[in-house]
**Q** 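For reference, the structure I am asking about is given below.
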Number of protein chains: 4
Amino acid sequence: MLDGFNPDIHKRLEAAVLEVFSQSDFHKASIRDVAKIAGVSFSTIYNHYGSKEGLLLAFVNIWLGKLTDRIIDHLQGIEDLKEKLRKVFWVQLDYYERYPGLGRILFMTLPMKTWMDDETFQQRKMIGLFLEVLRQGQEAGILNSNVRAGTLLDFISGFVQRTFTMWIVREEQESLTQQANLLFEMVWRALSNPECTCREK
Amino acid sequence: MLDGFNPDIHKRLEAAVLEVFSQSDFHKASIRDVAKIAGVSFSTIYNHYGSKEGLLLAFVNIWLGKLTDRIIDHLQGIEDLKEKLRKVFWVQLDYYERYPGLGRILFMTLPMKTWMDDETFQQRKMIGLFLEVLRQGQEAGILNSNVRAGTLLDFISGFVQRTFTMWIVREEQESLTQQANLLFEMVWRALSNPECTCREK
Amino acid sequence: MLDGFNPDIHKRLEAAVLEVFSQSDFHKASIRDVAKIAGVSFSTIYNHYGSKEGLLLAFVNIWLGKLTDRIIDHLQGIEDLKEKLRKVFWVQLDYYERYPGLGRILFMTLPMKTWMDDETFQQRKMIGLFLEVLRQGQEAGILNSNVRAGTLLDFISGFVQRTFTMWIVREEQESLTQQANLLFEMVWRALSNPECTCREK
Amino acid sequence: MLDGFNPDIHKRLEAAVLEVFSQSDFHKASIRDVAKIAGVSFSTIYNHYGSKEGLLLAFVNIWLGKLTDRIIDHLQGIEDLKEKLRKVFWVQLDYYERYPGLGRILFMTLPMKTWMDDETFQQRKMIGLFLEVLRQGQEAGILNSNVRAGTLLDFISGFVQRTFTMWIVREEQESLTQQANLLFEMVWRALSNPECTCREK
DNA sequence: CATGAATGAGGTTTCATTCAT
DNA sequence: GATGAATGAAACCTCATTCAT
C-alpha cells in the first residue's frame, strides 16, 4: 500500500495481520489482538486503515501485488504458451504453499461481499496479464476458443483455490509444488484446443 | 433437520436465513434481522441452534442434503460414466442458479474455519457418492488414475464454485446451465485418461 | 424517570451516579466507573440512557422532582407569604445540605449547554410553583412589582446556588440551615415592596 | 499571562478560545478546533498551556484580571458606599453583556472542580477589593453586619451570575445594563443595615 | 419452551495528551 | 520552540450470547 508510515510498524503489522486473520474466521479475529501482537496502538491502526476490513484488504492488496510481480518475473524468457501457463500455475501453488497464511486469508477468511466491492478484488494487473496470454493462445488455435478467455482463467483459478483449500483441510503433508506438474497436465488438457492435432507431449 | 419444531416457523426461518445470509458477509448479517424477518424471537433461535453459526450450518446442511438427493435422483438410469459426471456437473450449476442465495452462502459467506470443523463440511454422503463414481472410472481406465480420486473431484468442485462466483461477480445474465455442456467438456478432458484411446465423443 | 426497569439496578445506579458525578468534573467522570460501582453492565446504561449526559440528566430530573415534592409538602398550611418564601428558601438549603452530591452536580458539574436544552432544566413544575406565589405577592403589594416575578426568583435561586457553592468551596462546617433565617432576611428585603408600610417583623 | 509568545498568536488564540469554549460544554469543545481556528498547531498549545483546562483557565484569568482593572478604574473618585457598590454591580453586568462569551464560559462551561482548585478561582485581587469595601460598610453601620462580609458578596455575585445566566437562557433582547439600577436597588436593600435609620434615597 | 432484559465483547470514533523529530 | 505521528482512554454503538422469568 501507499501508507507512508513507519516501515517498522508496517512490518510488525503485516506479520500480525497474517497471523491473526489466517487463524480465525474474519468475525472472530479481533483488531485489538492484531494491535497487541504488532505492538501498535489500536488507534494507529484506525488512523491508517479506517476499519477491520480496510486493514485486511490493504495487506491482501500488497501480497497479491507481490505475487503478481513474482509471476511476471518468472515468465521472463519463456516463449512457449504451455510453459508459460505451467509456470503461472506453479508459481501460484508455490507462493501459497510458502505463505499458507495468505492462502487461508484469500480463500477462507476474506469477507467476499466486501472484497468483491473492493478495487483490490479485481487485481486488474494480474488478471489482465493472464487474460492476455490466454487470448493469444486462443487466437493461435492452441487453446479452446469455444469459451471466453475468462472461463479458461476461471478453470485455473478455481482449481488453484480448491487445491489449496483441500490441502489445508486434509492437512496434507505432501508438497503442493511436488504435484504441480501432474496437476498442470490435467489443467492443460482442459484448456487446450480439443480440435488441435498438435500432440500433447 | 433435528429441530423438532413448528414446520411453519421452520419454513419462515429458512427463508429468513437464506435472505439475510446471502446478502451480507457473515459478520454483517444479524441474527436479530433473521429473527425479525422470520417473526420469531431471537432467543428461540438460540434455544434451537445455539449460535449464529449453528443456525446457518444447520440450514446449509439441509440444503446440501437436498442437493445430494437431487443428484442421486438424476443419476438414476444413467450408465455411461461421462454422462454421469456431466449430469452431476449440470445439476450443481442448475441448483445454484435456481437458488443463488445458497450459492452465495456456500461459496461466499460461510466462515470457512468453522465450517471446515463442522460435520456438515464433509458432506460425506455427497462426497462419497462422487468419489465412488470417480474411482470406478479410474479403475475402468477411463479416468486419469495418476492422481487420487479426490483430486479429480477438486477439478469439478473448484470449477463449479469459481464459475458460480464469477457469475455473481460479473452479474452475468446468461444462464449457467446453458453453458454447462461447454464447460463440462473442459472438465472432462481434465479428468479423462490421457492414454485412453476411446474417443471423446 | 420512567425507566421501567429493575428497581434494584435503578437504586444502585442512582447511588453510583451521585458518587461519580459529584466528585469529578463531568468530563473526568467515566461512565465505566459508574457501571463498575453500580455493578451494572456498561451496555445496560447505554440501553437505558443513551449517553453519559442522558444518564446524568435522568437522575437530576428525578432528584429535582423529589425536591419539588418536598417543597410542596412543606408549604402546606402556611398562609403568610413571607413564611412561604422563607420555607421555600429553607427547604432548598436543607435539601442540598443533606444531599450535597446533588448540589455539586446541579451547580458544579452539569454541562450547562446541554442541560439548558433539556426539558429537565425548565423544571416547569417547581418554577411555576414559585412564580405563582411571587406574582400573588406582587399583586398584593407585598413584593416589589417593578420587576418581573422571574427576577424575584433569580434573587432566591442565585443566592441559594452561590451559598451552596461557597459552602462547598470554603469547606464550611457550619450548617447551611442554621444560617437560613439570617440569609433569608436579606432575600426578603430584596424582594419586598419598598413602598410597603407594613412592618418587617 | 506568562505565555511569552508571539502577541499575534496570543490574540488569535484568545479569540479562538472565547469562540470555542463559549459555544459548547467543556467536554464537547475540542482543543483541535481551537488550534484550527487560531491557525496554530495543537501541539503548540500544549507546549504553552499544558492541557485543555490550563488553556481555558489561563485566558479566564486574563479576562477576570481585566474586569478587575476595569472595576478599579471605575471606582476612582467615588466616595459614597452605595454608589461604589452600584458601580461594581453595573460594571459587571456591563462587562458580561459586552463579552457574553466570557460570561458563558465563567458561569456555564468552566469545569468547576478544576477551577476551584486553581489559583485563578480565588481571584484574590478582585475578591479582596470587594470584601474591603463591604467590611468598611459594615463597620460604618451602613451594611448589614449580622452576616460575614463574604455573605454579602455572595449575594451580589450570586445575583449577577443568575441574572446573566437567565439573560442567556431566556434569550432576552433587553439590555442588562438598562435594568441595572432597578436591580441594584433591590440588592442594596438586601445588603444594607436593616437597623439603620438612614434614608434609602 | 418462548421471551426480552442484561451482559460482554469488540468495532468505530473522537480526543486529550505524549513523543520524537 | 513548532509540528504531526502515535498513543490511550473513553464515548458510542451493535451484536452475539446468556440468564431469569
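We name chains A, B, ... by the order of the sequence lines, and we start the count at 1 in each one.
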**Q** In whole angstrom, what separates A:Leu13's CG from F:dA5's P?
**A**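 Rounding to the nearest Å, CG of A:Leu13 and P of F:dA5 are 16 Å apart.
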**Q** When Watson-Crick pairs (N1 to N3 and N6-O4 or O6-N4) and G-U wobble pairs (N1-O2 and O6-N3) count only below 3.5 Å on both distances, what is the dot-bracket string of DNA chain F, with | for other-strand pairs?
**A** .||||||||||||||||||||
**Q** Take atom CD1 of C:Ile45 and atom C1' of E:dG8, then tell me their distance rounded to the nearest Å.
**A**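 In whole Å, E:dG8 C1' and C:Ile45 CD1 are 14 Å from each other.
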**Q** Return the set of residues passing salt bridge (Lys or Arg N to Asp or Glu O under 4.0 Å) with C:Asp33 (not counting sequence neighbours), or none when no residue passes.
**A**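 Salt bridge (Lys or Arg N to Asp or Glu O under 4.0 Å) check on C:Asp33 returns nothing, list empty.
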**Q** If the plane angle is over 60° it's perpendicular, under 30° parallel, otherwise tilted; pick one for D:Phe59 and D:Tyr49.
**A**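 Tilted, since the angle between the ring planes falls between 30° and 60°.
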**Q** Using whole Å, report how far CZ of C:Phe21 lies from C1' of F:dA10.
**A**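 Distance check: C:Phe21 CZ to F:dA10 C1' gives 12 Å.
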**Q** Could you state the atom-to-atom distance from NE2 of C:His48 to P of F:dA11 in whole Å?
**A**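 Between P of F:dA11 and NE2 of C:His48: 18 Å.
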**Q** For residues 36-56 of chain C, which residue pairs qualify under salt bridge (Lys or Arg N to Asp or Glu O under 4.0 Å), counting only residues two or more places apart or in two chains?
**A**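 Listed by first then second residue: C:Glu53-D:Lys28.
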**Q** Between F:dG4 atom P and D:Lys36 atom NZ, what is the distance in whole Å?
**A**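 In whole Å, F:dG4 P lies 12 Å from D:Lys36 NZ.
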**Q** Between C:His10 (NE2) and E:dA6 (P), how many Å, whole number?
**A**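 Atom-to-atom, C:His10 to E:dA6, this comes out as 12 Å.
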**Q** Sequence neighbours left out, what passes side chain to side chain contact (heavy atoms under 4.5 Å, CB included) with C:Ser43? Give chain and number order.
**A**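 Checked C:Ser43 against side chain to side chain contact (heavy atoms under 4.5 Å, CB included); matches are C:Ser41.
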**Q** Base, backbone or nothing for each nucleotide of nucleotides 12-21 of chain F, written B, S, -, heavy atoms under 4.0 angstrom, 5' to 3'?
**A** BBB-BBB---
**Q** Could I get the full list of side chain to side chain donor-acceptor pair (under 3.5 Å) partners for C:Glu14, not counting sequence neighbours?
**A**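 Only C:Trp63 meet the side chain to side chain donor-acceptor pair (under 3.5 Å) criterion with C:Glu14.
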**Q** For B:Glu19, enumerate each residue passing the side chain to side chain contact (heavy atoms under 4.5 Å, CB included) test, keeping only those at least two apart in sequence or located in another chain.
**A**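 Listed in chain order: B:Gln23, B:Ile37.
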**Q** Mind checking ring-ring contact (aromatic ring centres under 6.0 Å, His included) for C:Phe42 and listing every partner two or more places apart, or none if nothing turns up?
**A**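 ring-ring contact (aromatic ring centres under 6.0 Å, His included) check on C:Phe42 returns C:Tyr46.
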**Q** Run the side chain to side chain donor-acceptor pair (under 3.5 Å) test against B:Arg32 and tell me which residues pass, sequence neighbours left out.
**A**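 B:Arg32: no side chain to side chain donor-acceptor pair (under 3.5 Å) contacts found.
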